[in-house]
Amino acid sequence: MELKPLKSTLIEAIAYDRDSRRLTVYFMDGHVGQFLHVPEGVVLGLELAASPGSFYVSEIRDKYERA
């Protein structure tokens, strides 16, 4: 998994495993969250969002199972 930094005040970086569809989110406060069964298109949306933090809150946080 490649670590990808994001321009965000909430998220420092993300990593995505295509095989398992597991998204790992590294937050600025040091917390790490893992989300299961995340489609690649959602991850791409997060990477390209004008506000990755807002995208995370609306499209990922409460929609995908946590590991």
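The residues of the chain are indexed from 1 along the displayed sequence.
Taking both residues in full, the closest heavy atoms of G45 and F55 are given as C-CZ, 3.7 Å, listed atom of the first, atom of the second, then distance. Minimum heavy-atom separation, F27 to G33: CE1-N, 3.9 Å. Minimum heavy-atom separation, G53 to L10: CA-CD2, 3.8 Å. Closest approach of S58 to K63, counting heavy atoms only: O-CE, 3.3 Å. Smallest separation of non-hydrogen atoms from V38 and Y16: O-OH, 2.5 Å.
Scanning for side-chain hydrogen bond (donor to acceptor under 3.5 Å, both in side chains) contacts around K4 gives E47, with sequence neighbours left out. Here E59 pairs with nothing under the side-chain hydrogen bond (donor to acceptor under 3.5 Å, both in side chains) rule; sequence neighbours left out. Legend: residues meeting side-chain hydrogen bond (donor to acceptor under 3.5 Å, both in side chains) with S8, ordered by chain and number and at least two apart, are absent. In this structure S54 satisfies the side-chain contact (heavy atoms from CB on, under 4.5 Å) test together with S51, sequence neighbours excluded. For the side-chain hydrogen bond (donor to acceptor under 3.5 Å, both in side chains) test, no residue two or more places apart in sequence or in another chain qualifies with R66.
Between atom CG of residue L23 and atom CZ of residue R18 there is a gap of 12.0 Å, rounded to the nearest 0.5 Å. Distance check, rounded to the nearest 0.5 Å: CE of M1 to CG of D19 gives 11.0 Å. Between the CG atom of L46 and the CG atom of L6 there is a distance of 5.5 Å, given to the nearest 0.5 Å. Atoms CD1 and OH, on I14 and Y26 in that order, are 10.5 Å from each other to the nearest 0.5 Å.
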* Might you work through the side chain to side chain contact (heavy atoms under 4.5 Å, CB included) test for V32 and T24, ending with a clear yes or no? => CA-CA 7 Å; V32 177; T24 304; 3.6 Å; yes
* **Check against side chain to side chain contact (heavy atoms under 4.5 Å, CB included), I60 and F35** => CA-CA 8 Å; I60 297 170; F35 299 87; 4.1 Å; yes
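In the hydrophobic clustering (ILVMFWY side chains linked at under 4.5 Å, chained through shared members), L36 stands by itself.
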